[in-house]
Every structure is written in C-alpha cells, then in structure tokens.
Novice: 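The structure follows.
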Amino acid sequence: MLVGLCGGICSGKNTVAEYLVQQQNFRLLELKTVTPPEALDDPRLRASGFTNNAQSSTDAPVQFKTVESLLDFATKRWQERWVTTHIWDTASLDRCLQRPFFLLVSVDAPISLRWKRFADRCRERHLQPPHLEEFVLWNDKQLYEKGIGRAFVTDRAQLRLFNSASSLGELHTALKMLNLADEQRLRPNWDQYFMELASLAARRSNCMKRRVGCVLVRERRVISTGYNGTPRHLKNCNEGGCPRCNRGEGGGVSLSTCLCLHAEENALLEAGRERIREGAILYCDTCPCLTCTVKIAQVGISEVVYSQGYNMDRDSAAILEAAGIRLRQFSPPRNGLIYLEGKEGS
C-alpha cells in the first residue's frame with residue numbers, strides 16, 4: 001500500500017505522514033529534490049517542510065531521484081506500507097493512480113489556522129513570521145499558479161481530510177478512528193461496486209421528483225440497469241412529459257397518474273424473468289416502493305440492497321419478507337470530505 005499525501009502549506013500532511021510512520025508501521029518515501037517548487041520563493045517556506053523526525057536514525061526515509069523509480073520500488077513491495085508527500089504534479093499523479101495499491105489523500109485546514117501554524121513554526125526556528133496577507137499570496141500561488149499549482153492534484157484525491165484539530169493528541173485519535181491503512185479503501189467491495197453503478201445509472205434519470213438508479217446482478221455479473229423516467233418515445237419528465245411529477249406532488253401521492261417508470265421497473269423489464277432467475281440481487285439507490293416490490297417478488301429476486309430509505313419502507317419490507325426475499329441497507333465506507341475530530345484520551 002502506498003499512501004500519497006497532498007495539501008496546502010501547513011495543512012498537516014507532513015504531520016499525518018509522521019503519524020502513519022510512528023503509529024501504523026509505514027515507511028517514508030522521498031524524492032532527493034526535497035524542496036517543493038513554491039518553496040524557492042522564501043526560506044521560511046522551506047522551514048515548514050517535513051523534517052524526517054518521523055523516522056528513527058536506523059530507519060531513514062528511502063530516497064529516489066525520480067517519481068518513476070519511487071513508484072517502481074513501491075510496486076515491487078506493494079504488500080508493505082509506504083507513504084509519500086512528494087507528489088507535486090499531475091503527470092506523476094497519473095502514474096501513481098494507475099497502481100491498484102495507491103491511495104491519494106488530501107489534507108486541508110482553514111487558511112487562518114494554517115497561517116497560525118506556519119507562524120508558530122517560524123518562531124520555533126527564530127524566523128520572522130509572515131503577515132497573513134503575505135501567507136495568503138503564498139497559498140494562492142502554491143494552489144493555483146499555472147504549472148506548479150497543487151489544486152490539480154488535491155482535486156483528484158480519493159479521500160479528503162479537513163484537519164482543524166487543535167492538538168496532536170486530537171489529530172492522532174481522529175486518524176486512529178479513520179484507519180487510513182484499511183486496504184478496503186483501495187478497491188470497492190462488491191456491494192460498493194454495484195451500488196456505485198446504480199448511482200451512475202441514476203445520473204441518466206430525467207424524473208423531476210428524484211433521481212434513482214438500479215442494477216440487477218446474478219453471480220456478480222450485471223444483468224441489466226435502469227433509471228427512472230418516462231417511457232420510450234414519450235417526452236422526458238424534465239421536459240414536461242409527466243404532469244404529476246411536474247406539479248411537485250408529495251412522495252407516494254397520486255402515483256396512479258404518474259407516467260414515469262421506476263428504476264427497478266426499467267431494470268426488470270430490460271432483463272426479463274428468464275434472465276433474472278433465482279439468486280439475482282437488485283441494487284437500488286432507494287428502498288423500492290410497493291408497486292416495484294410486488295414486481296420484484298414476482299420475478300424471483302433473492303435479495304434487495306438499497307442505500308437510502310423511502311416513505312414506505314416498512315410496507316415494502318413486510319412484502320419482501322413474506323416473499324422470502326432478503327432486504328438490507330448498504331452503508332458505504334466513509335469517503336469524500338472527512339473532518340478530523342477526536343477527543344484526547346478516548
């Protein structure tokens with residue numbers, strides 16, 4: 001596993017790297033050109049960098065001349081734990097993201113807090129801290145200047161950490177709870193994979209009420225997909241094709257006048273009973289309504305997995321239970337933007 005950490009000045013990426021080295025048996029990988037491009041402007045910026053105090057004297061960081069050699073090294077030892085903060089451009093990132101053992105994590109914090117951290121670090125090194133305005137200009141250049149801007153890297157992070165922790169103890173507690181070393185982050189499990197396909201299908205929906213996607217699966221193979229909207233050859237719902245949806249009727253109200261097919265219905269119609277057969281699993285963004293539930297029971301679906309509740313979950317659950325169909329809600333792993341919050345000593 002190789003964790004790449006990126007972020008703004010004094011966001012905490014080096015502190016997170018230190019934690020992984022000290023607490024979770026990672027080793028640091030570095031480029032020999034240790035000074036990032038934007039740090040050439042002012043020696044105080046170089047003073048804010050990683051000082052290697054995460055490593056013991058007998059376990060120094062492993063250094064490389066190029067990103068390619070660093071990545072080749074990690075590829076041959078992918079089952080071990082590695083971390084680097086030296087990914088500074090999109091070309092290097094593209095190479096890393098091709099590897100299935102690589103996880104890109106961005107670290108951010110409020111700019112006022114990052115300025116305070118930077119000023120404290122300058123004072124520790126007997127350097128004159130910059131004014132806030134000067135720090136903001138450095139920050140803007142580091143993130144957004146063409147050619148060296150880090151925003152092109154941080155925007156592609158698979159995991160985004162917001163580090164507003166007020167102490168190392170609080171940060172370490174939050175990181176322990178998060179467990180960046182969990183290898184399930186590297187590759188989605190089957191539930192997550194098929195639910196993401198359902199969510200992708202939902203993006204094609206034209207229904208004015210809500211977007212819903214569905215995927216039918218048997219033996220871990222996709223049989224069909226569906227999303228909600230008006231039938232073929234009818235005007236799309238978002239173009240006025242379904243008067244009921246365009247009137248903004250409440251959930252479950254006037255369903256008999258709705259012209260939109262539900263995502264589950266579309267997936268079932270696309271597959272047909274002969275292709276579904278026993279053992280098929282239906283993945284859907286929301287728990288099926290009653291109308292879809294009785295159709296699911298009729299075609300022989302064995303299991304229904306959903307991510308969000310609906311206003312008739314109990315009734316749908318009762319029908320599925322009576323039909324011998326397993327129903328369960330999928331809770332995805334924490335991803336996206338995560339606030340690092342923890343209590344010291346907990």
Side-chain angles (χ1 to χ4, degrees), residues 1 75 78-79 97-104 156 158-159 182-207 210-233 236 260-310 312-313 316-336:
M1 182 179 196
T75 300
W78 65 272
Q79 291 180 308
L97 288 173
Q98 292 175 349
R99 299 298 199 272
F101 55 84
F102 178 74
L103 178 69
L104 181 65
R156 297 172 66 184
Q158 297 137 291
L159 195 62
D182 185 355
E183 294 188 358
Q184 292 189 35
R185 299 184 184 280
L186 299 174
R187 188 184 187 204
N189 60 30
W190 288 111
D191 275 354
Q192 187 177 357
Y193 173 65
F194 291 126
M195 197 62 77
E196 287 181 3
L197 290 181
S199 297
L200 179 61
R203 293 172 60 183
R204 284 287 303 164
S205 169
N206 62 69
C207 181
R210 71 161 68 190
R211 288 178 167 178
V212 182
C214 178
V215 174
L216 272 174
V217 176
R218 188 180 67 248
E219 297 177 352
R220 295 178 176 173
R221 296 292 183 270
V222 174
I223 303 172
S224 65
T225 65
Y227 54 86
N228 57 329
T230 47
R232 190 176 302 171
H233 304 309
N236 285 339
C260 288
L261 286 166
H262 289 192
E264 301 94 321
E265 292 176 309
N266 270 323
L268 294 173
L269 288 169
E270 181 68 24
R273 179 173 179 140
E274 292 304 314
R275 293 178 61 202
I276 295 173
R277 301 200 302 271
E278 187 175 349
I281 302 175
L282 183 145
Y283 288 87
C284 194
D285 284 345
T286 61
C287 187
C289 70
L290 285 176
T291 303
C292 290
T293 297
V294 295
K295 295 174 182 177
I296 289 169
Q298 177 66 10
V299 298
I301 298 289
S302 297
E303 184 175 13
V304 173
V305 185
Y306 70 97
S307 59
Q308 303 173 35
Y310 193 49
M312 52 185 75
D313 290 3
S316 297
I319 292 174
L320 293 174
E321 182 179 5
I325 299 172
R326 184 185 180 193
L327 175 68
R328 60 186 174 89
Q329 185 170 11
F330 170 68
S331 298
R334 295 178 67 192
N335 211 338

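Starting from 1, each residue takes its place in the sequence as its number. These figures come from a predicted structure and were not determined experimentally.
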Novice: Output yes when a side-chain donor or acceptor of Thr293 lies under 3.5 Å from a complementary backbone atom of Ser316, and no otherwise.
Specialist: no
Novice: Taking Asn228 for the side chain and Val212 for the main chain, is one N or O donor matched with an acceptor at less than 3.5 Å?
Specialist: yes
Novice: Hey, can you tell me if Trp190 and Tyr193 have their rings parallel, tilted or perpendicular (30° and 60° cut-offs)?
Specialist: perpendicular
Novice: Around atom CD of Gln98, are there more than 12 heavy atoms from other residues, nucleotides or ligands closer than 6.0 Å?
Specialist: yes
Novice: Going by atom types only, do Tyr283 and Asp191 share a side-chain donor-acceptor pair under 3.5 Å?
Specialist: yes
Novice: Is the CZ atom of Arg204 crowded by more than 12 outside heavy atoms at less than 6.0 Å?
Specialist: no
Novice: Quick one, Ile301 and Leu216 - any side-chain contact, counting heavy atoms below 4.5 Å?
Specialist: yes
Novice: Looking at Gln329 and Ser307, would you say the former's side chain and the latter's main chain have a donor-acceptor pair under 3.5 Å?
Specialist: yes
Novice: State, to 0.1 Å, how close Leu327 and Ala317 come at their nearest heavy-atom pair, and which atoms those are.
Specialist: CD2-CB, 3.7 Å
Novice: Could you walk me through whether Phe101 and Glu183 pass side-chain contact (heavy atoms from CB on, under 4.5 Å), step by step?
Specialist: CA-CA 8 Å; Phe101 55 84; Glu183 294 188 358; over 6 Å; no
Novice: Would you name the heavy atoms of Arg210 and Cys207 that are closest together and state the gap between them?
Specialist: O-CB, 3.7 Å
Novice: Taking all atoms of both residues into account, what is the closest heavy-atom pair of Phe194 and Val215, and its distance?
Specialist: O-CG2, 4.0 Å
Novice: What distance do Leu269 atom CG and His262 atom NE2 have between them, rounded to the nearest 0.5 Å?
Specialist: 12.5 Å
Novice: Which heavy atom of Cys284 sits nearest to which heavy atom of Met195, and what is that distance?
Specialist: O-SD, 3.5 Å
Novice: Step by step, work out the side-chain contact (heavy atoms from CB on, under 4.5 Å) result for Leu282 and Glu264.
Specialist: CA-CA 8 Å; Leu282 183 145; Glu264 301 94 321; 4.2 Å; yes
Novice: Do you know the tightest heavy-atom contact between Glu265 and Cys292?
Specialist: CG-SG, 3.7 Å
Novice: Can you find a heavy atom in the side chain of Asp285 that is under 4.5 Å from one in the side chain of Arg211?
Specialist: no
Novice: Roughly how far, to the nearest 0.5 Å, is the CG atom of Leu186 from the CZ atom of Arg99?
Specialist: 14.0 Å
Novice: Treating Asn189 as the side-chain partner and Gln184 as the backbone partner, does any N or O pair qualify as donor plus acceptor under 3.5 Å?
Specialist: no
Novice: Please indicate whether Glu270 has more than 12 foreign heavy atoms, meaning atoms of other residues, nucleotides or ligands, lying under 6.0 Å from its CD.
Specialist: no
Novice: Of all heavy-atom pairs between Ala201 and Gly226, which one has the smallest distance, and what is that distance?
Specialist: CB-O, 3.8 Å
Novice: With a 4.5 Å limit on heavy-atom distance, are the side chains of Leu197 and Thr225 in contact?
Specialist: no
Novice: Where do Arg185 and Gln158 land on the side-chain contact (heavy atoms from CB on, under 4.5 Å) test, with the steps shown first?
Specialist: CA-CA 9 Å; Arg185 299 184 184 280; Gln158 297 137 291; over 6 Å; no
Novice: Under a 4.5 Å cut-off applied to non-hydrogen side-chain atoms, are Leu97 and Arg156 in contact?
Specialist: yes
Novice: Would you say Arg187 has more than 12 foreign heavy atoms packed within less than 6.0 Å of its CZ?
Specialist: no
Novice: Has Thr286 got a side-chain atom pairing as donor or acceptor with Gln308's backbone, closer than 3.5 angstrom?
Specialist: no
Novice: If only atom types and distance count, is the side chain of Arg275 paired as donor or acceptor with the main-chain N or O of Ile223 below 3.5 Å?
Specialist: yes
Novice: Under a 4.5 Å cut-off applied to non-hydrogen side-chain atoms, are Ile281 and Ser302 in contact?
Specialist: no
